Amino acid sequence: MALLAAVGLLAGGGTSLALAGTGAAATPQHQHQHQHAVTPATAGAGLADPHKKEMAMELVSSAENSTLDWKSQYKYIEDIGDGRGYTAGIIGFCSGTGDMLELVQHYTDLEPGNGLAKYLPALEDVNGSDSHAGLGSAFVSAWKTAAKDPVFQQAQNDERDDVYFDPAVNQAKSDGLGTLGQFIYYDAIVMHGPGNDPVSFGGIRKTAMKKAKTPAQGGNETTYLNAFLDARKAAMKTEDAHDDTSRVDTEQRPFLQAGNLNLDPPLHWKTYGDPYQILTLP
């Protein structure tokens, strides 16, 4: 799936569920609590464990859309003015970075003749720009209608896994990282994209590895993850759309400082000043 690696994605999405930085007031939704306790069977299973994966989606959604209810975001779509055109869906697929085009193509492969298929030529034309040419309000309406289709929801899940979740988790495991490190990689690739330029995921990882060895190289996990978060924060500050670094400072860094390398609940954090908590595994 070909993305514009140098552009990456957006926070607040891209893989942005993109209301990052909206600073929505805390609501009961933020005080999210699950009903199932941690068990030995799930402890240490990694981010790919279904319970930890659900938790990861909630963590990302708190930063991307100021809600833990990530499943309500299949219908989300807007242009947040970050130069990436429309940002939409559960992971902030962008019309300007290629992943929205790939998503709609996948949806059309699964369900030919769907309501978004006719926009494929326009999505090809605007790829790499912030243009709405051939899209506009009709496309926005069609997206929201398609979001009710379970096939489109599955297509979004597939694209999330193929382009972002699975590559991030696999790379983290290769680097010897546990569940928290896997999440830190995933959140980074969601925002910055999977490219190798200095402000994409691959470039951030390379910068971190110049400062600290990965556990697979014999380094200390906490030391390396701090170096990675430092490198990511520097990358975020190069772009106005990402210059609020609270998803690092008041979300991921506190988990690391607490030594919670397995990312076990209870978790308490803030993004853009809003408080959230996950008390037990989903």
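Every heavy atom of this structure was used, including side-chain atoms; hydrogens, water molecules and symmetry mates were not. All values reported here derive from a predicted model rather than from experimental measurement.
- For the residue pair Asp162 and Pro167, the shortest heavy atom distance occurs at O-CG, 3.3 Å.
- A salt bridge is defined here as a Lys NZ or Arg NE, NH1 or NH2 lying under 4.0 Å from an Asp or Glu carboxylate O, and Glu239 with Arg84 meets this definition.
- The structure places CG of Leu263 at 9.5 Å from CD of Gln182, a figure rounded to the nearest 0.5 Å.
- Aromatic rings of Tyr86 and Trp143 (six-membered ring for Trp) have centroids beyond the 6.0 Å cut-off, not under it.
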Exercise for the section: Step by step, work out the salt bridge (Lys or Arg N to Asp or Glu O under 4.0 Å) result for Arg160 and Asp166. Expected result: CA-CA 8 Å; Arg160 172 202 62 199; Asp166 292 347; over 6 Å; no

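- A donor-acceptor contact closer than 3.5 angstrom links the side chains of Asn114 and Thr108.
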Exercise for the section: Determine, stepwise, if the pair Asn226 / Leu256 fulfils side chain to side chain contact (heavy atoms under 4.5 Å, CB included). Expected result: CA-CA 8 Å; Asn226 271 312; Leu256 184 59; 3.4 Å; yes

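- The closest side-chain heavy-atom distance from Ile189 to Pro194 is below 4.5 Å.
- Around the CG atom of Asp109, the shell of radius 6.0 Å holds more than 12 heavy atoms that belong to other residues, nucleotides or ligands.
- Atoms NZ and CG, on Lys233 and Leu229 in that order, are 9.5 Å from each other to the nearest 0.5 Å.
- Scanning both residues, His51 and Pro282, for their nearest heavy atoms gives ND1-O, 2.6 Å.
- When only modelled atom types and interatomic distance are considered, Asp197 and Ser200 share a side-chain donor-acceptor pair under 3.5 Å.
- Side-chain contact annotation: Thr250 with Trp269, donor-acceptor N/O pair under 3.5 Å absent.
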Exercise for the section: Would you sort out whether Asp175 and Arg205 count as a salt bridge (Lys or Arg N to Asp or Glu O under 4.0 Å), showing the intermediate values? Expected result: CA-CA 10 Å; Asp175 287 344; Arg205 177 173 170 269; 2.8 Å; yes

Problem - Derivation and outcome, side-chain hydrogen bond (donor to acceptor under 3.5 Å, both in side chains), residues Tyr107 and Asp158 - result: CA-CA 10 Å; Tyr107 178 34; Asp158 292 346; over 6 Å; no

Practice task
Assess whether side chain to side chain contact (heavy atoms under 4.5 Å, CB included) is satisfied between Glu58 and Trp70, documenting all intermediate values.
Solution key: CA-CA 6 Å; Glu58 294 178 356; Trp70 66 271; 4.1 Å; yes

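- Only one option out of Leu103, Leu101, Thr97 pairs with Asp99 in a side chain to side chain contact (heavy atoms under 4.5 Å, CB included); it is Thr97.
- When all heavy atoms of Ala122 and Gly134 are compared, the closest pair comes out as CB-O, 3.6 Å.
- Ion pairing of Asp230 with Arg253 is present here, as a side-chain N (NZ or NE/NH1/NH2) and a carboxylate O approach within less than 4.0 Å.
- Lys213 forms no cation-pi arrangement with Tyr224, by the criterion of a distance under 6.0 Å to the ring centre and an angle within 45° of the ring axis.
- With hydrogens and angles left out, the side-chain atoms of Tyr164 and Asp187 include no donor and acceptor closer than 3.5 Å.
- A salt bridge between Asp244 and Lys237 is absent, with no side-chain N of the basic residue lying under 4.0 Å from a carboxylate O of the acidic one.
- Ring centroid separation for the pair Phe183 and Phe255 does not come in under the 6.0 Å cut-off.
- Note that the CE atom of Met236 and the CZ atom of Arg232 stand 5.0 Å from one another [nearest 0.5 Å].
- Of all non-hydrogen atoms in Ser131 and Ala133, the two that sit nearest each other are OG-N, 2.9 Å.
- Contact record, Glu54 with Lys71: OE1-CE, 4.2 Å, taken as the closest heavy-atom pair.
- Considering only heavy atoms from C-beta on, Asp264 comes within 4.5 Å of Lys52 through its side chain.
- With rounding to the nearest 0.5 angstrom, the NE2 atom of His268 is 5.0 Å from the CD atom of Gln277.
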Exercise for the section: Evaluate the side chain to side chain contact (heavy atoms under 4.5 Å, CB included) criterion for residues Val163 and Glu102: first the C-alpha distance (whole Å), next the side-chain angles of each, then the deciding distance (0.1 Å), finally the verdict. Expected result: CA-CA 10 Å; Val163 180; Glu102 295 287 351; over 6 Å; no

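- Nearest heavy atom pair, residue Leu68 against residue Ser62, reads CD2-CB, 3.8 Å.
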Exercise for the section: Might you work through the side chain to side chain contact (heavy atoms under 4.5 Å, CB included) test for Cys94 and Thr87, ending with a clear yes or no? Expected result: CA-CA 4 Å; Cys94 296; Thr87 296; 3.4 Å; yes

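- The CG atom of Asn170 sits 11.0 Å away from atom CG of Leu47, with the distance rounded to the nearest 0.5 Å.
- Paired with Ser95 under the rule side chain to side chain contact (heavy atoms under 4.5 Å, CB included), one option of Asp130, Val126, Ile77 passes, and it is Val126.
- Side-chain contact check for Tyr186 versus Val60: some heavy-atom pair is nearer than 4.5 Å.
- The pair Lys53-Asp161 meets the salt-bridge criterion, since a charged nitrogen lies less than 4.0 angstrom from a carboxylate oxygen.
- Aromatic ring centres of Phe201 and Tyr185 lie closer together than 6.0 Å.
- The distance from the CZ atom of Phe228 to the CD atom of Gln252 is 8.5 Å, given to the nearest 0.5 Å.
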